[in-house]
K.L.:
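If you scroll down you'll find the structure; I have some questions about it.
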Amino acid sequence: MATAAPSAAARIAVVTGASSGIGAATARRLAEAGYRVVLTARRKDRIEALAEQLTAAGHSATAYPLDVTDRAAVDEFATAFRTVGVLVNNAGGALGADPVATGDPEQWRTMYETNVLGTLNVTQALLPKLDASGDGTVVVVSSTAGHATYEGGAGYVAAKHAEHVLAETLRLEIVGRPVRVIEIAPGMVRTEEFALTRFGGDEEKAAKVYQGVAEPLTADDVADTITWAVTRPSHVNIDLLVVRPRAQASNTKVHRES
């Protein structure tokens, strides 16, 4: 018989990149599920406002400004906890859509540092705390870009492939310990910032990503998926869950209405 997991109310869930989009939506969902949520991101005002909203609604939420690429800051952050029940590695993002021949190495470097090294930093720092909980869960929010390539996406695809491999390898290395490793790989998700950031604030280019797609995924769709995976019984591990809108059959096959 499986051992009963500690109640959500007694457990801490750390969410990185919680200032907007999938991260913010996931923090809300986990708080509603009863977790004590710790919101981290670089934008202090955003996470503090969200923590106040969640607290006002009767949930437990704390904001902690953090740059996941700053290892010293991440290590300092980790000292605040004795145990952690859930870590959602969501911080990341895409920059540019240039072909390999003309891609900006600085954009590639930034994407690698944020998506891969950021995930590595926080996971390494909190893994002992997840172990100590006796029932920990690491979630890596990757992307369908981590499983198939597309033209103009090599820098982001490379970073997300690395993040996928990080999750897959970690699962192999810690099997037998009381920590699950879950990878959630979303496809086309329309959030307020992802495409806009990718195209340097160019609203026209950002809008074209979703043009003609009746219902892309929302941040809340992905947050719901993450929360479902996290709240499965302790012996159930959702190794990899790919979630796309119905209109998207692959990274390069999307139904667009005229």
Side-chain angles (χ1 to χ4, degrees), residues 1-19 22-41 47 50-51 53-55 57-66 68 73-92 118-142 163 166-167 170-184 220 222-241:
M1 179 180 291
T3 303
S7 67
R11 308 184 70 208
I12 293 170
V14 174
V15 182
T16 70
S19 59
I22 293 170
T26 300
R28 290 190 190 95
R29 286 278 187 166
L30 289 174
E32 290 166 359
Y35 286 88
R36 297 164 55 198
V37 178
V38 178
L39 306 98
T40 74
I47 55 173
L50 179 54
Q53 291 171 15
L54 293 173
T55 301
H59 306 304
S60 177
T62 304
Y64 192 108
L66 184 67
V68 297
V74 170
D75 287 342
E76 176 64 24
F77 167 69
T79 64
F81 307 100
R82 184 177 62 83
T83 67
V84 171
V86 178
L87 165 61
V88 180
N89 285 299
N90 169 73
T119 295
L120 177 67
N121 287 340
V122 183
T123 300
Q124 285 184 337
L126 291 183
L127 192 56
K129 319 294 183 175
L130 290 151
D131 252 332
S133 75
D135 184 35
T137 300
V138 176
V139 178
V140 174
V141 182
S142 63
E163 198 173 15
L166 186 160
L170 177 63
R171 190 181 302 114
L172 293 172
E173 292 171 344
I174 66 172
V175 67
R177 290 160 65 177
V179 180
R180 301 181 294 184
V181 180
I182 294 169
E183 180 185 353
I184 306 295
D220 199 54
V222 181
D224 181 47
T225 301
I226 292 168
T227 303
W228 174 82
V230 166
T231 55
R232 294 312 84 208
S234 299
H235 69 288
V236 178
N237 195 95
I238 309 300
D239 282 17
L240 169 64
L241 198 160

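What you see is a predicted model; the values in this text were computed from it and never measured.
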K.L.:
Keeping Arg180 on the side-chain end and Asn237 on the backbone end, is there a donor-acceptor pair under 3.5 Å?
P.N.:
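No, Arg180 side chain to Asn237 backbone: no donor-acceptor pair under 3.5 Å.
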K.L.:
Can you check whether Ala223's main-chain N or O pairs, donor with acceptor, with Arg29's side chain at less than 3.5 Å?
P.N.:
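Here the side-chain-to-backbone pair does not exist.
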K.L.:
Quick check: do Ile12 and Thr83 have side-chain heavy atoms less than 4.5 Å from each other?
P.N.:
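Of all side-chain heavy-atom pairs linking Thr83 with Ile12, none is under 4.5 Å.
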K.L.:
Donor-acceptor pair, Asn90 side chain versus Gly17 backbone, under 3.5 Å?
P.N.:
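Present.
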K.L.:
Identify which one of Leu127, Asn89, Thr40 satisfies the side chain to side chain contact (heavy atoms under 4.5 Å, CB included) criterion when paired with Val122.
P.N.:
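Among the candidates, only Asn89 passes.
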K.L.:
Could you check whether any side-chain heavy atom of Val88 comes within less than 4.5 Å of a side-chain heavy atom of Val141, counting everything from C-beta outward?
P.N.:
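Yes - at least one pair of side-chain heavy atoms lies under 4.5 Å apart.
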K.L.:
Within the distance-only criterion (no hydrogens, no angle test), does the side chain of Thr137 pair as donor or acceptor with the backbone N or O of Val230 below 3.5 angstrom?
P.N.:
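Between the backbone of Val230 and the side chain of Thr137 there is no qualifying donor-acceptor contact (under 3.5 Å).
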K.L.:
Using modelled atom types and a 3.5 Å cut-off, is there a donor and acceptor pairing between side-chain atoms of Asp220 and backbone atoms of Ala25?
P.N.:
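No.
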K.L.:
Does some side-chain heavy atom of Leu50 sit less than 4.5 Å from a side-chain heavy atom of Arg28?
P.N.:
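Arg28 vs Leu50: side chains touch.
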K.L.:
Less than 3.5 Å apart, any donor N or O on the side chain of Ser142 or Glu163 sitting next to an acceptor on the other?
P.N.:
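There is no such pair between these side chains.
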K.L.:
Under 4.5 Å between any side-chain heavy atoms of Ile238 and Trp228, yes or no?
P.N.:
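Yes, side chains in contact.
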K.L.:
Say whether, by atom type as modelled, one donor and one acceptor occur between the side chain of Thr123 and the main chain of Leu120 under 3.5 angstrom.
P.N.:
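Judged by distance alone, no pair lies under 3.5 Å.
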K.L.:
Do the side chain of Arg171 and the main chain of Asp239 share a donor and acceptor less than 3.5 angstrom apart?
P.N.:
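Indeed, once roles are kept as given, a pair shorter than 3.5 Å links the two residues.
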K.L.:
Evaluate the side-chain proximity of Asp135 to Pro178: yes if any heavy-atom separation is below 4.5 Å, no if none is.
P.N.:
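When only atoms from C-beta onward are counted, Asp135 and Pro178 do not touch, as no gap falls below 4.5 Å.
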K.L.:
Is there a donor-acceptor pair closer than 3.5 Å between any side-chain N or O of Thr227 and the backbone N or O of Asp224?
P.N.:
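The answer is no, because no donor-acceptor pair under 3.5 Å joins these two groups.
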K.L.:
Answer whether the closest heavy-atom distance between the side chains of Leu241 and Ile182 falls below 4.5 Å.
P.N.:
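A side-chain contact is absent here, since even the closest heavy-atom pair is not under 4.5 Å.
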